[in-house]
Colleague: 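Could you have a look at this structure, given as structure tokens, before my questions?
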Amino acid sequence: VKIATNREVCRGHGQCELFAPGVFTVDDDALVVLRADEIDAADEGAVNEAILHCPESAIWVERS
Amino acid sequence: VITIDETDALTRVSAGTPAGDFMRQFWLPFLPSDALVAGGEPFPVRLLGEDLVAFRREDGDVGLVDSVCAHRRAPLIYARNEGCGLRCVYHGWQFDITGQCTDMPAEPTTSRFKQHIRITAYPCRERGGVIWTYLGQGEPPALPDLEWNQIPAENVHVSFRVQEADWLSGLEGEIDSAHAAFLHARLDTTSKRSNTMMARSGRPIFDVLQQDFGVSVAARRPVGGGANGGGANGGDANGGDGELYWRVNQFVLPFYTLVPPKSEEWAELTGHAWVPIDDTHTLCVGFTYLPDRPLKERMARVFADGYHGRETGHPSSLAFEADVPHNVPYWRYLSTYNRANNFFFDYDAQKTTYYSGLPGLWVQDTAVQTGAHYAPRSREHLTSSDAGVVVTRQTLRDSVAAYREAGELPEIARRPELYRVRSVAAVLKGDESWAEALEEFMRRPLGASLGYQVP
């Protein structure tokens with residue numbers, strides 16, 4: 001599964017890092033950074049929680 | 001010529017209006033230093049139509065920030081004044097004096113959202129017991145070189161009060177010295193006011209001069225021209241060989257007025273900053289000072305406490321409403337003398353004490369400037385004694401337009417030394433030019449004596 005982010009709309013709420021700390025982090029600019037583009041199937045549940053809880057809709061799953 | 005609409009536009013001061021945007025390019029005196037206690041209750045302020053909250057944090061620094069929390073608009077007058085700034089009582093968000101959010105204790109530890117949140121905050125400076133702020137954008141200029149704000153505390157009395165009228169009405173009242181012989185006249189002849197040169201002289205004729213600081217409004221009266229009661233019965237001031245009594249009031253951009261001394265015994269310089277709270281309310285910052293020596297103890301006491309229950313040139317400690325709710329902007333400076341109680345007007349007093357029936361000097365001014373009810377300027381008819389009013393309006397209109405159309409500010413906006421100007425009263429020979437003869441007394445160094453005998 002491929003994850004996409006939009007740092008233009010991110011406001012650094014940190015929900016993504018809270019739910020999926022292995023996949024997301026928030027940098028010194030208080031904006032989302034992906035730790036890895038591709039994620040393991042094991043992380044999918046956490047990533048879905050992160051997507052659900054992002055108040056700015058700044059992260060999503062890219063379907064190819 | 002200036003139209004009613006052009007004049008009315010000067011009284012509309014919210015952000016985005018021509019006059020409001022112009023005013024934002026100047027420092028505003030907006031509170032006395034002692035209004036804010038370190039770590040004390042935040043104080044609601046409104047300036048140029050914008051609601052704000054002022055506070056002094058525990059380390060003594062002053063903040064002036066938006067009136068509501070950036071989260072869900074909870075009032076910051078309820079905020080806890082702690083640490084680096086104000087902490088909203090709704091969810092604990094904290095803001096420092098730059099407006100930056102520094103804490104969101106209800107958010108997860110991974111959140112850095114606070115870094116993206118900043119509320120409006122304006123820089124503040126303190127000088128001479130007065131707190132100033134600058135609502136413009138970018139780096140503010142130096143504070144204006146106003147003498148009353150830079151001399152020792154014992155030389156000056158400064159007062160703050162709210163007036164329920166547009167700022168221009170107040171300013172116009174203080175450059176118009178023709179009103180004093182009427183509005184402020186006393187019928188009991190024991191009053192010292194009845195014996196001033198102004199009260200003993202005749203009808204004024206005005207000479208108005210545009211200056212680099214604003215406008216000089218000079219009024220000349222024939223010495224001894226009034227039989228009694230001054231302007232009401234006096235002769236005309238047409239010069240000739242006789243001596244003339246000159247009073248030069250100053251309008252200093254953007255909202256200051258300076259009034260000359262009344263007599264040798266009362267040699268104080270006075271004036272106001274007429275700071276717009278919004279379109280219909282004005283913060284009247286009054287000052288009375290002797291540049292080179294302390295005010296007489298009795299005078300300072302009368303200003304602060306009133307005179308036998310009457311008001312003087314400044315609101316006394318008895319002149320403020322005791323029970324104003326603390327969510328009203330400038331609640332501490334709302335006066336007991338207001339439109340709702342008709343300024344304690346007493347018709348019977350017109351027969352015995354006050355020509356106006358209004359109890360005390362500043363109350364007389366505020367009553368006529370505020371009006372018994374709202375009356376538009378379209379009902380005015382200006383006359384020869386309003387020459388200073390007209391030129392002041394035109395100067396303001398042209399300054400506002402130059403900023404609106406070309407971004408150009410008058411010189412004084414960036415040259416603080418031009419604020420070093422005084423009002424003057426003097427007796428001159430009939431053929432002397434007041435502008436030449438009095439220039440040196442208008443531009444004395446900071447703290448220097450008047451340099452002349454007050455007539």
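Values reported hereafter were calculated over all heavy atoms of this structure, with side chains retained and with hydrogens, waters and symmetry mates removed. Residue numbering restarts at 1 for every chain, and letters A, B, ... go by the order of the sequence lines. The structure presented is a predicted model; accordingly, all values stated were derived computationally and were not measured.
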Colleague: For the CZ atom on Arg332(B), are there more than 12 heavy atoms of other groups (residues, nucleotides or ligands in this structure) within a distance under 6.0 Å?
Modeller: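 It does: Arg332(B) CZ has more than 12 such atoms within range.
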Colleague: To the nearest 0.5 Å, what is the distance between CZ on Phe24(A) and OG1 on Thr110(B)?
Modeller: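 Reported to 0.5 Å precision, the distance equals 12.5 Å.
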Colleague: What I want to find out is whether Asp28(A) reaches Arg112(B) closely enough, with some N-O distance under 4.0 Å, to be called a salt bridge.
Modeller: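 Yes, charged N to carboxylate O under 4.0 Å.
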Colleague: Please tell me if the side chains of His116(B) and Leu31(A) come closer than 4.5 Å, counting only heavy atoms from C-beta onward.
Modeller: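 Yes, their side chains come closer than 4.5 Å.
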Colleague: Pick one: which of Gln15(A), His13(A), His53(A) meets side-chain contact (heavy atoms from CB on, under 4.5 Å) with Pro108(B)?
Modeller: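 For Pro108(B), the side-chain contact (heavy atoms from CB on, under 4.5 Å) test succeeds with only one of Gln15(A), His13(A), His53(A), which is Gln15(A).
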Colleague: List the atom of Asp29(A), the atom of Gln115(B), and the distance in Å for their closest heavy-atom pair.
Modeller: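 Smallest heavy-atom distance, with atoms named: C-NE2, 4.2 Å.
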Colleague: Tell me if the CZ atom of Arg414(B) is crowded by more than 12 foreign heavy atoms within 6.0 Å.
Modeller: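 Counting other residues, nucleotides and ligands, CZ of Arg414(B) exceeds 12 neighbours.
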